[in-house]
2 protein chains.
Amino acid sequence: MTTMQDVATRAGVSAKTVSRVFNDDPHVTEDTRERVQSAMRELKYVPNMLARTFREGKSAVIGIAVPDVADPFFAAVTKGIELAAREHDMAIVVTSLGDNPALEQSIIETTVRRQIGGLIIAPIAADQSYLARWQDSFPIVFIDRIPTKLHADYFVEDDFGGAFEATKHLIAHGHRRIAIVGDSTEVPTTKLRLEGYLAALADAGLKSEHELIALGSRDADAAAHVCKTLLALPDAPTAIFSSNARFSTGVFPALQALNRTDIALISFGDFPMADVLQPSVSVIDQNPRHVGRVAAERILARIAAPTKKFRRKNVIPVKLIERQSCQGAAVSPSQSSTTPRSSR
Amino acid sequence: MTTMQDVATRAGVSAKTVSRVFNDDPHVTEDTRERVQSAMRELKYVPNMLARTFREGKSAVIGIAVPDVADPFFAAVTKGIELAAREHDMAIVVTSLGDNPALEQSIIETTVRRQIGGLIIAPIAADQSYLARWQDSFPIVFIDRIPTKLHADYFVEDDFGGAFEATKHLIAHGHRRIAIVGDSTEVPTTKLRLEGYLAALADAGLKSEHELIALGSRDADAAAHVCKTLLALPDAPTAIFSSNARFSTGVFPALQALNRTDIALISFGDFPMADVLQPSVSVIDQNPRHVGRVAAERILARIAAPTKKFRRKNVIPVKLIERQSCQGAAVSPSQSSTTPRSSR
DNA sequence: GAAACTCATGTCATCGATGACATGAGTTTC
DNA sequence: GAAACTCATGTCATCGATGACATGAGTTTC
């Protein structure tokens, strides 16, 4: 690999002059500049960014830690971060945390050891105090869930408000027995979404029923199974609020397999092809790309102005996208079967 | 940030001894070792990986360059790479190339300047000769498309064979007018998939028809539009072979919007919820996670044994996943409307 | 003409960890 | 007892680029 010293030798100057030319320092004559540039071209010189970062003590990499890089939501977040980072000539280092909270710290420490310029994290554990030691070194921004035991920037979507709206939407369509399906309430986002659900019920003068609160699933398959249990109840729900898109991709197929697409469904979080399913699924859209962008912009802003004050706690509004899956419970199955349909 | 020298001062030894302790060098007494470890704990010492990488001249980062990190296929590939890399304590730097071939080189050069230990690339341009200069520095592995004007490792799926099988599948289901929808044939994968399609037609004694070869779309919306044009033909196709999952996510909604889910569809590449659509979509599955893993393993193998010989050209078999979308053309629309169906 | 200033170039220490080698004490071999 | 060996520890150069500062030639100011 060619170094500045190699270029310097060929151009008959010092390595420092090569550095000056490369970095557009004005203290170089035109003659010297051209001689050095010519040598760079001949040797196809490319700077060693590692040496540069090491010397400058500033890193041009943003670390991203999310539960799963392949999850559509987080893939979109990552894209949003990448685009913002690129505008500032920064790269992204990405890592998946998995779903075992006990591993969060060790995985994160593997990432931060690589001298990142900032960290964007969607946490999975209940305690982020281990990150306190790094806060002097680089900005840290939380997404998806707020930090626990750590004072840091965050951008989270309106879990409570979105769940409230989703449940109100179902109620407005005539549903009175509404189940909620999703993660354990130990997951902070699920807890807030449950609260929004309960608040909407209360607001409508409806009582919450214990057996309709079907939380605690770990994955899409478990959520599918929970659906089957719910629909087997003597007084089964007519509607399901799925508290997470990941579970929705289990709930929907389960309803379909049971030939129960008459059950209304609304998903917290959009997912691929939700608009093409039959019925197309109404969702509370989180706009993950935007989440990624604002998180990255905060990192960049803190790097650019270390002492400036920024609002730390940011709740991003979510948006109801109404599709077909929440039609009123008042419409009976036999009535809708007369609707013209193209055949398979 | 605490350095080894800080630890050394506290433990009353040299920085070199701290390094020995940290790296489990046996040439340290137990007494010294414990003294140093104690100092490390007290100072919460974390090594500067940048310094280490710089000194060692070996990087613990694999660069990944794909068209779009948010594309489900490439998100899954990335996951496969990440998991393999992590087993060797390597991180991943990820970048999206976009869809403008003219930008490939400059984007890649931004990535390789960061001293990566290897590069895995799904190229978008027609010429990768610009990467030749890097091949002495780190291993390069191509995925999805083979390299052009560069001799390098690649792992690509069986484009020809998969397309052949998809088209044969449609023919076996009675289809005689089969359209192919997708990218331009300037895209190498599309060219091979077209060849597979044409070979299957020829094998069945069918002539290919110019107006059924509907290639040249740039995105899902364009593919959707092409579908509409195809179905407006006097002698419209009864089946569509979508040459790319990305386009399938445009083709399917278009067919649905036209109430033409009677048109058979098979997609080269699976996509989220394809199995839950109505009709569920038959696909040629590429197993992206596996692609990512084998690519990463090649990088790791070349790092571990630089002079060892490995097969450079690797074509990964693909697999037909048969779902509902390719039912026979012999079943007339009016006949299948009597099939019992649950109502929306 | 001397002092002050400007400009272009170069020297050298630095970033933090580690490889190459030196060093001295203690032990073993002859 | 001298030479060879082993072990534990330390010194110092190195990785490649750049900040801090020095230096000398030329120009400007008084």
Side-chain angles (χ1 to χ4, degrees), chain A residues 1-37 39-40 43-61 89 110 112-117 133-134 136-138, chain B residues 1-37 39-40 43-61 89 112-117 134 136-138:
Chain A
M1 172 155 286
T2 310
T3 66
M4 277 184 183
Q5 185 56 58
D6 298 331
V7 177
T9 301
R10 176 167 286 221
V13 298
S14 69
K16 179 62 185 180
T17 299
V18 175
S19 181
R20 286 197 178 99
V21 173
F22 188 81
N23 294 299
D24 292 318
D25 188 314
H27 300 294
V28 187
T29 64
E30 275 312 305
D31 175 57
T32 300
R33 187 180 299 275
E34 286 177 6
R35 208 160 72 241
V36 171
Q37 287 174 336
M40 282 188 198
L43 295 176
K44 296 179 181 175
Y45 172 72
V46 175
N48 182 330
M49 293 298 294
L50 196 66
R52 187 175 186 161
T53 301
F54 186 37
R55 177 63 183 81
E56 291 186 340
K58 297 186 302 184
S59 173
V61 179
D89 201 29
T110 305
V112 297
R113 284 162 59 187
R114 298 183 194 276
Q115 313 307 320
I116 51 176
R133 67 197 291 195
W134 300 107
D136 292 339
S137 302
F138 52 79
Chain B
M1 172 155 291
T2 310
T3 65
M4 278 184 181
Q5 184 57 55
D6 298 330
V7 176
T9 302
R10 175 167 286 221
V13 298
S14 70
K16 178 66 186 181
T17 298
V18 175
S19 181
R20 287 198 176 97
V21 172
F22 188 81
N23 293 299
D24 292 320
D25 187 313
H27 299 293
V28 187
T29 63
E30 276 312 304
D31 176 58
T32 300
R33 188 181 298 275
E34 286 177 10
R35 209 159 71 241
V36 171
Q37 287 173 337
M40 282 188 198
L43 295 176
K44 296 178 180 177
Y45 172 71
V46 175
N48 184 329
M49 293 298 294
L50 195 65
R52 186 175 187 161
T53 300
F54 186 38
R55 178 63 183 84
E56 291 186 340
K58 296 185 306 186
S59 172
V61 178
D89 200 30
V112 296
R113 284 162 58 185
R114 300 183 192 276
Q115 312 305 321
I116 50 178
W134 299 108
D136 292 337
S137 301
F138 51 80

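First the proteins, then the strands, lettered A, B, ... as listed; each starts at 1.
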Write down the protein N/O and nucleotide N/O pairs, taken from nucleotides 13-16 of chain D, whose separation is under 3.5 Å; answer none if there are no such pairs.
from: D:dT14; atom 1: O2; to: B:R55; atom 2: NE; distance (Å): 2.6
from: D:dG16; atom 1: N2; to: A:A51; atom 2: O; distance (Å): 3.4

Point-to-point distance, once rounded to the nearest 0.5 Å, from [atom1] of [X] to [atom2] of [Y]:
{"X": "B:T3", "Y": "B:N48", "atom1": "OG1", "atom2": "CG", "value": "9.5 Å"}
{"X": "A:T17", "Y": "A:M4", "atom1": "OG1", "atom2": "CE", "value": "10.5 Å"}
{"X": "B:Y45", "Y": "B:T2", "atom1": "OH", "atom2": "OG1", "value": "8.5 Å"}
{"X": "A:N23", "Y": "A:R52", "atom1": "CG", "atom2": "CZ", "value": "4.5 Å"}
{"X": "A:R33", "Y": "A:H27", "atom1": "CZ", "atom2": "NE2", "value": "10.5 Å"}
{"X": "A:Q37", "Y": "A:T32", "atom1": "CD", "atom2": "OG1", "value": "11.0 Å"}

- Message: Expressed as a whole number of angstroms, how long is the span from B:F22:CZ to D:dT9:C1'?
- Response: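 Going from B:F22 (CZ) to D:dT9 (C1'), I get 20 Å.
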
- Starting at atom CD of A:Q5, determine the distance to atom P of D:dA17, rounded to an integer number of angstrom.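 The answer, rounded to whole Å, is 10 Å.
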
Specify the closest pair of heavy atoms between [X] and [Y], including all atoms of both residues, with the distance to one decimal.
{"X": "A:V21", "Y": "A:M40", "value": "CG1-CE, 4.1 Å"}
{"X": "B:D89", "Y": "B:A60", "value": "O-CB, 3.9 Å"}
{"X": "B:A11", "Y": "B:A39", "value": "CB-CB, 4.0 Å"}

- Secondary-structure stems for DNA chain D, with pairs counted as Watson-Crick or G-U when both distances are under 3.5 Å and runs at least 3 long: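 So the stems come out as C:1-30 with D:1-30.
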
- Item | Neighbours of DNA chain D within residues 24-37 of chain A, by heavy-atom distance under 4.0 Å | none

- Item | Positions of residues 7-21 of chain B (non-hydrogen atom under 4.0 Å from DNA chain D), listed by number |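 Hits under 4.0 Å, by residue number: B:V13, B:S14, B:K16, B:T17, B:R20.
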
- Name all residues meeting the salt bridge (Lys or Arg N to Asp or Glu O under 4.0 Å) criterion together with B:D25; count only those two or more places apart in sequence or in a different chain, and write none if there are none.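 For B:D25, the residues satisfying salt bridge (Lys or Arg N to Asp or Glu O under 4.0 Å) (neighbours in sequence not counted) are B:R20.
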
- Which residues satisfy the salt bridge (Lys or Arg N to Asp or Glu O under 4.0 Å) test with A:D136, sequence neighbours excluded? none

- Item | Check: B:T9/B:D6 side-chain N/O donor and acceptor closer than 3.5 Å |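 B:T9 vs B:D6: no donor-acceptor pair found between side chains.
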
- With the side chain counted from C-beta on, respond yes when B:P47 and B:F22 share a heavy-atom pair under 4.5 Å apart, and no when they do not.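 Answer yes - side chains close enough.
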
